[in-house]
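Take a look at the structure below.
Counting starts at 1 for both ligands and their atoms, following the listed order.
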Amino acid sequence: MAAPPVQAYKTLVKELQYHNHRYHVLDDPVISDGEYDRKLSLLQSWEHAFPDLIDDDSPTHRVGGRPLSEFSQISHSVPMLSLENAFDSDALMDFDRRIAERTETQENVNYVCEPKLDGVALSLLYRDGVLERAATRGDGMIGEDVTANAKTIRSVPLRLQGDSLPNLIEVRGEVYIPHEGFELLNAEADRLGDKKFVNPRNAAAGSLRQLDSRVTASRPLVMSVYGLGILESTVKPKTHFEMLTYLKQLGFLVNSHTYLAANIFQCESFYEQLAKQRSSLPYDIDGIVIKVNSLEIQQRMGAVLRSPRWAIARKFPAQEEMTRLVAVEYQVGRTGVITPVGRLEPVFVGGVTVRNATLHNQDEIARLDLFTDDTVIVRRAGDVIPKIVRVVKEYRRANASLIEFPQQCPVCGSEIEQVPDEAAVRCTGGMRCPAQVKQSINHFVSRRAINIEGLGDKLVEQLVDRDHVKSFSDLYRLDLVILCSLERMAEKSSKKLLKSIHASRDTSLSKFIYALGIREVGEGCAQILANRFQSLEALIAEPLEKLTEIEGVGPVVARHIVDYFAEPKNMNVIDELLSIGLNCHHKVDKENSSRPLAGQTWVLTGNLDSMSREGAKGILKSLGAKVSSSISAKTTKLLVGSKAGSKLEKAKLLRVPTMQEREFADLLVSHNVYPEHKTEI
Ligand code: IVH
């Protein structure tokens, strides 16, 4: 191979740096991944043949180099400080008051609010625009040299951009792993039988401190910058906000939720706002950082011990806390699935008092290696169901015993069977199991099903326990005498309930199908079936093969539908309901155009945690959207679950907006749609 002209080499380095910045910092790529890879391999081949050419800022360093035997130490010429915390609004007001006192000002102080990213701090030193050294925070005074590792992080510029390059600049920021990357990383660890990471922060910290930078290169790290150590430049920002703008111009990633506040009250509102968005952000944050905007005031304020007086962290309530497991109880759901639930000593976590946490299934109990009385770490993020993430084995009591999953149904004593292809087990008791009867009735009467107002689960419990109700049709045989005999039921409330039972007879086909509680037939699917068949008889008569072909149904659900109607007991219940006068005529759906997602086309990729894909599709359709199986430029949105595949890549390429499951859940709630959750608690 003939040596390329030095200029051609440098141009290619620059070009790759440009595309890297477009992709990893601006999230706005120009060329395809394939094109990028081809350019990179050309550069690699040049460097391989002519090692003298290699520049310090060559993008080939991003793949990592030879492993080190240890990190060398680096002393920070400007200490890397930490932050004081404010856990409530009063502490924030005190902070503002202290600043006013010190600066002897009556006027409002301007602040910059930034998300407090939950990762690890990193310092980057650039001389004449080229990344020279990267160091961890260490104890704030002395850190470790992780230059080779930092170079593998795509959002870390190897060379700065623009015309006003500083002679010397030391930039500080947070290295973190977004949720999507974290899930992929753990899925991979699972596949290889490796230990999984506890949380994205630990994964980020571990990845940054790898002696082998090729390992770091394989981890989906991101760096977002928020401050300076040293600056020797002709550009002299006067405020923190100007400084962040300058950093952005130089090619760094600055978090998009950075906000300039005119006073401390606006900081508090920003905090409230971000707290609401927290669970739908694609990365972990544990609060906001509030910084005095004027660099001159920052200077005057100085620092106490290890934290500056001009900044404070307004923390969100912790999402993980420690508590004690009081008992494990087993809930039997509508379809017989047995869900273990941990009863906990009450603990304030994620902003609420938590008393119960899901344990999912027997595999989860085994994974946790749970013993009686164990001290456990409970996590509650956003609105998700609290879960036990791990056991603190150091605190295990000497006489504790292993928690064992029951071998029979804990309610009716029937045999337990494994649900095919799932970790769950199910009670085989069917309608002989009082728990299943109660749950089925609760579902049948719920608002989005038959909708019997005033019939809560406490009443259902009594009605089943006292043998007044064994199946749906029994509800329509209840009378005033029976209802008045129940606890906390006077004549007036009993009459009201009878009225709403009566009113519930006039329902729609889709609600009726949903109310039957056929396995995996959620609201969306019921709607699809009602639209398609327009009568119950037509649905019952449909053969399996035909049902399977319906978009939004699929083979598994189709099998459940056919099995349900093939069971004589179920047909008896339906006959009884119809003979009582239940009216389930198909009501023509509202005009498509009036539905909230009318005119939109959605595509799904990956696995959803909280609902089935079919369920999500059905719901999208019921909201008026079209659901397509492939991405095109016309796609409105890509709904991204875990283990997302090539569709996500394609969406990025075509710049189709994506939505994570958490945001999707919020969207559904905003349209009053509450999907059937996979987990019951
Ligand atoms: S400023 C002089 N800004 O939080 C102020 N820190 O608890 C030093 N962190 O060590 C830090 N996001 O690792 C600052 N927007 C942000 C931050 C942030 C996360 C971390 C950082 C720091 C720790 C202090």
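- Using modelled atom types, one finds a donor on one side chain and an acceptor on the other under 3.5 Å when comparing S123 with E170.
- Nearest non-hydrogen protein atom to atom 8 (C) of ligand 1 is L81 O, 3.6 Å.
- Distance CE/M322 to OH/Y395: 4.5 Å, rounded to 0.5 Å.
- Every atom of ligand 1 with a heavy atom of E114 under 4.0 Å away is listed here by number and element: 3 (N), 15 (N), 16 (C).
- Using a 4.0 Å heavy-atom cutoff, A313 is absent from the residues neighbouring ligand 1.
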So Y246 and S164, side chain to side chain contact (heavy atoms under 4.5 Å, CB included) or not? Walk me through it. CA-CA 9 Å; Y246 181 44; S164 34; 4.2 Å; yes
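- The side chain of V289, and not its backbone, has at least one atom closer than 4.0 Å to an atom of ligand 1 (non-hydrogen atoms only; side chain from C-beta on).
- Looking at atom 7 (O) of ligand 1, its nearest protein heavy atom turns out to be K116 NZ, 3.2 Å.
- For P308, no nitrogen or oxygen atom sits less than 3.5 Å from a nitrogen or oxygen atom of ligand 1, counting backbone and side chain alike.
- Here the heavy atom of the protein found nearest to atom 6 (N) of ligand 1 is Y226 CZ, 3.5 Å.
- Looking from atom 19 (C) of ligand 1 to the surrounding protein, the closest heavy atom is L117 O, 3.2 Å.
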Walk me through whether Y259 and Y111 qualify under ring-ring contact (aromatic ring centres under 6.0 Å, His included). CA-CA 8 Å; Y259 169 72; Y111 294 102; over 10 Å; no
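- Atom-to-atom distance recorded for L653:CG and I631:CD1 is 10.5 Å, nearest 0.5 angstrom.
- Looking only at atom types and distance, the side chain of S224 has no donor-acceptor partner in the side chain of Y283 under 3.5 Å away.
- Within the model, atoms CG of L131 and OG1 of T147 stand 6.5 Å from one another, a figure rounded to the nearest 0.5 Å.
- No donor-acceptor contact under 3.5 angstrom links the side chains of H179 and Q660, judged on distance only.
- The backbone of P115, and not its side chain, has at least one atom closer than 4.0 Å to an atom of ligand 1 (non-hydrogen atoms only; backbone = N, CA, C, O).
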Apply the test side chain to side chain contact (heavy atoms under 4.5 Å, CB included) to residues V13 and R159: give CA-CA distance (whole Å), side-chain angles for both, the deciding distance (0.1 Å), then the verdict. CA-CA 10 Å; V13 167; R159 175 185 284 274; 5.9 Å; no
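- The ligand atoms of ligand 1 that sit less than 4.0 angstrom from a heavy atom of A121 are 13 (O).
- The shortest N or O to N or O distance between E174 and ligand 1 is under 3.5 Å.
- Polar contact check, K291 against ligand 1: a nitrogen or oxygen pair lies under 3.5 Å apart.
- What sits closest to atom 5 (C) of ligand 1 on the protein, heavy atoms only, is L83 CD2, 3.8 Å.
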